[in-house]
Amino acid sequence: MESIIRITFPDGSVREYNKGITSYEVARSISPGLAADVFAATVNGELWDLARPVQGDATLRLHKWDDPEAKHAFWHSSAHLMAEALESLWPGTKFGIGPAVENGFYYDVDPGEGKVITDSDLPLIEDKMKELAARNSPIIRTEVSKKEAMELFTAKGDEYKTELISELEDGTITLYRQGNFTDLCRGPHLPNTSSIKAIKVLSLAGAYWRGDEKRKMMTRIYGITFPKQKLLDEYMVMIEEARKRDHRRIGKDLELFAFSPRVGMGLPLWLPKGADMKQRLIDFMTKVLKERGYTMVSTPHIGNVDLYKTSGHFEKYGADSFRPITTPQEGEVFMLKPMNCPHHCEIFNATPHSYRELPVRMAEFGTVYRYEQSGELHGLTRVRSFTQDDAHHFCRPDQLKEEFKSIIDLVQYIFKIAGFSEFTAQISLRDPNNHEKYIGSDENWEKAEQAIIEAAGEKNLATTIAIGEAAFYGPKLDFMVRDAIGRKWQLGTIQVDYNLPERFGLEYTGSDNQKHQPVMIHRAIFGSMERFVAVLIENTAGRFPVWLTPDQAVILPISEKFNEYAKTVLNILNNSDIRTLIDDRNEKIGKKIRDNELKRIPYLLVIGEKEVGAGTVSVRKQGEGDRGVMKPEEFITLVKGDINREIGN
RNA sequence: GCCGAUGUAGCUCAGGGGUAGAGCACUUCCUUGGUAAGGAAGGGGUCAUGAGUUCAACUCUCAUCAUCGGCUCCA
């Protein structure tokens, strides 16, 4: 008989089972404890339901909670559970899609005419889900024909589902049912709703059906679930901690930046400490750029509209920009500059160039103005006025790849200094099916895309590829860093461009004494000062590196009797460029320590009778505690040592 | 721009159709102290803005502005 099948495990061991055994039963045959911990299985490389029978020899990997595959199945089943709850609470609710996401799941629903789901409904949904989960309903997979699926969802009046089905291929359609709820779904799912022990319905949002802003706005309901209450509790604590790192909150607490509706939304105001820090970043970057052969330039904040017509920006974005600026001169029109590249092209054009002087690396901390949609503004990460650490490399075609690679090096260097150890690199290519979105010839696009892919490959950079994410004039390599709650923000970007050199008629004289067109690379490392500072705040929770932080040390006299000595120490430190304050408030030392710890000042210098007598300071490191007593000169050496470790020399 | 929510003191927030509340911060006084909150007193609000309903609106309605969570967008 062929009723025995051989299952191979990841460690290479093989066990024999009866044909038709499920992965769940296999897990149980190993141990009941394991069976309780697994939520999905990979069978012959395909992600499967635990409850799906295995019909032949197979390789098997069981996925416990820590595997993303397990979470995916768990949260996907949870989305179905939420849908079941919604249907039970509000019959007639129409369902869109309900996938698992990085942290939990959502379901897009249309509650029907006149019905609005609000925040106050969330606990109702949560309670209903708990009730349904406790019913121990098995989740059952069935394969159906396209016709059957159509009939089922047409009868239900689920027009969103029928739209999805109409695009599926017959023979590949599966349904999953638990209790009275059936959903169109590829799976995989949990065997049973009973593993869903801890449930939190998190939030509501609007979301366009199929991501198309011309189509209906669905109600998106986000939730998260866990197999144990403890895991949910830990998750909620983590979210709460992350909120404390929000740069908008810390920026206010530490008096780094502010917004004023009177100035205008999305227009950041840098307060003294923030401006000071921003300038320090600029100074540091300027020094690094000069070492790497960049020259600094400076351009106005406006440009004639013809400049942007030449570049192609006006045609692409003119309608959605700040309105053009008119002048007393009839017909004369300027625009706030939304980017620096056209100005830089004209700088290149201002002087003749020989092949010998390429590459030209032209850098500017250029402030640009973009009319971002009101709903898109977000603290310092998305604003309407921001300063890019912008630069353009004009090079010969044979220099392109080396230039590109040198910029990858620079990004890695700066990110290392910023402490961004986990960033992602994304190669953004054009969508080959959407020619209207881009300018330039296919040939140039292919050359540019190839150059990026090769350069990233030669640098052994781990990259993801995003089709359709390119800039309209060229493909790019983007470097993204996460914020406190896991959202990714693009900081560094490197973009290859054959188009602007053509449009601006850029040229250099080659060794053959002929005119040639240079290739242009657009790049930013910080991305923008605003976004970089925001992400830096969230990654450090406001505990900036010593070299960068606005105030490096604060002197805490134990009583007013020691204020005179405090001033002496202050002078010594300030003369050695240690940015130092005195906290001479009439407060006890414990209070002063607490307040200054909360300000995230790296060093607290306690002075009292002993220190005055010995000519020393008692050093306390923020977040770490007492470092002992030392002379001011030793403290200076300590701080300089920190800075040296952080940014070298 | 779209969907939903929010807006009360510098900050975090409570309150409620009939003269505005707390904690922290701030000011003054007492205290002069040894590594994360000493004590007391005091000042501070057009309850986002504008209109409407009402004898009476900070509270109810509408609009506007801003903010938050998403969606779309992101040169």
Side-chain angles (χ1 to χ4, degrees), chain A residues 106 108 116-122 202-222 243 246 248-249 252-253 255 259-262 264-266 308 311-318 320-321 337-342 368-379 381-384 388 390 428 437 439 469-474 476 478 485 487 489-490 493 495 497 500 522 531 556-563 585-598 604-611 618-623 625-627 629:
Chain A
Y106 66 78
D108 282 350
V116 179
I117 298 176
T118 67
D119 289 337
S120 56
D121 295 323
L122 299 184
L202 294 166
S203 62
L204 284 174
Y208 299 110
W209 171 234
R210 313 206 81 177
D212 183 344
E213 64 182 322
K214 293 186 185 63
R215 303 198 64 178
K216 188 173 173 69
M217 172 88 39
M218 314 278 287
T219 303
R220 176 168 294 180
I221 308 172
Y222 283 91
R243 274 191 232 287
D246 190 314
R248 292 164 297 192
R249 185 192 184 96
K252 193 176 246 177
D253 280 355
E255 299 178 358
F259 289 91
S260 152
R262 253 202 282 259
M265 64 201 297
Y308 305 106
S311 69
H313 289 106
F314 185 79
E315 193 195 342
K316 279 283 167 193
Y317 297 104
D320 300 319
S321 297
K337 74 172 166 185
M339 76 293 303
N340 304 297
C341 14
V368 297
Y369 303 87
R370 299 179 184 178
Y371 191 77
E372 304 290 0
Q373 293 187 79
S374 58
E376 258 314 321
L377 300 175
H378 182 96
T381 50
R382 194 80 184 270
V383 286
R384 286 177 168 172
Q388 297 178 308
D390 206 0
S428 301
K437 245 180 105 175
I439 58 171
E469 296 284 306
F472 76 93
Y473 51 76
K476 52 186 186 159
D478 291 330
I485 61 171
R487 287 176 292 223
W489 294 97
Q490 177 207 307
T493 180
Q495 313 178 357
D497 183 1
L500 285 188
H522 308 242
R531 187 178 284 179
L556 311 180
I558 282 174
S559 89
E560 287 166 3
K561 287 186 289 199
F562 313 112
N563 283 355
R585 290 176 305 159
N586 178 9
E587 294 290 351
K588 292 177 103 162
I589 192 67
K591 171 79 164 164
K592 291 188 187 182
I593 286 170
R594 177 183 156 78
D595 288 349
N596 287 289
E597 285 270 347
L598 291 175
L604 312 187
L605 307 178
V606 177
I607 58 167
E609 201 170 348
K610 281 180 282 186
E611 288 76 14
S618 174
V619 177
R620 182 188 163 106
K621 183 85 190 272
Q622 198 270 336
D626 205 339
R627 282 290 187 85
V629 175

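Within every chain, numbering begins at 1; the chains are lettered A, B, ... in the order of the sequence lines, protein sequences first and strands thereafter. All values reported here derive from a predicted model rather than from experimental measurement.
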Minimum-distance nucleotide (side-chain atoms of [X] versus [options]):
X	options	answer
A/Thr118	B/A75, B/A5, B/A36	B/A5
A/Met217	B/G34, B/A75, B/C71	B/C71
A/Ile485	B/G70, B/A36, B/C73	B/G70
A/His378	B/C2, B/C11, B/G69	B/G69
A/Leu598	B/G34, B/C74, B/A36	B/A36
A/His313	B/C74, B/G34, B/A75	B/A75
A/Asp119	B/U32, B/A36, B/G4	B/G4
A/Ser374	B/G1, B/G34, B/U31	B/G1
A/Arg370	B/G38, B/A5, B/A75	B/A75
A/Arg487	B/G70, B/G4, B/U35	B/G70

Span that lies between the [atom1] atom of [M] and that of [N], in whole angstrom:
N	M	atom1	value
B/C74	B/U64	C1'	27 Å
B/G45	B/C11	C1'	14 Å
B/A37	B/G33	C1'	14 Å
B/A57	B/U49	C1'	15 Å

Phosphate oxygens OP1/OP2 of B/C74: is one of them under 4.0 Å from a side-chain N or O of A/Arg384?
->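 Answer no for this pair, as no side-chain N or O of A/Arg384 is under 4.0 Å from OP1 or OP2.
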Just to confirm, is there a sub-4.0 Å distance from OP1 or OP2 of B/G33 to any side-chain nitrogen or oxygen of A/Lys561?
->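 Checking A/Lys561 against B/G33: at least one side-chain N or O falls below 4.0 Å of OP1 or OP2.
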Answer yes or no as to whether B/A75 has its base stacked against A/Tyr317, where stacking requires a ring-centre separation under 5.5 angstrom and planes under 30 degrees apart.
-> yes
Is there a donor and acceptor pair closer than 3.5 Å between the side chain of A/Arg262 and the base of B/A66?
-> no
Check whether the side chain of A/Tyr371 and the base of B/G1 form a donor-acceptor pair under 3.5 Å.
-> no
Distance-only, no hydrogens or angles: does the A/Asp595 side chain make a donor-acceptor pair with backbone N or O of A/Lys592 under 3.5 Å?
-> no
Please determine if A/Arg384 forms a cation-pi arrangement with A/Tyr369, meaning its NZ or CZ atom is less than 6.0 Å from the six-membered ring centre and no more than 45° off the ring axis.
->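 Judged by the rule (NZ or CZ under 6.0 Å from the ring centre, within 45° of its axis), A/Arg384 is not positioned above A/Tyr369.
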Any residue meeting side-chain contact (heavy atoms from CB on, under 4.5 Å) with A/Asp390, in chain and number order, not counting sequence neighbours |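 Counting only residues at least two positions away or on another chain, A/Asp390 forms a side-chain contact (heavy atoms from CB on, under 4.5 Å) with A/Asn340, A/Gln388, A/His392.
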Should stems be defined as at least three consecutive Watson-Crick or G-U pairs with both distances under 3.5 angstrom, which of them involve RNA chain B?
->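 As far as RNA chain B goes, consecutive pairing (with distances under 3.5 Å) yields the stems B:1-7 with B:65-71, B:10-13 with B:21-24, B:26-30 with B:38-42, B:48-52 with B:60-64.
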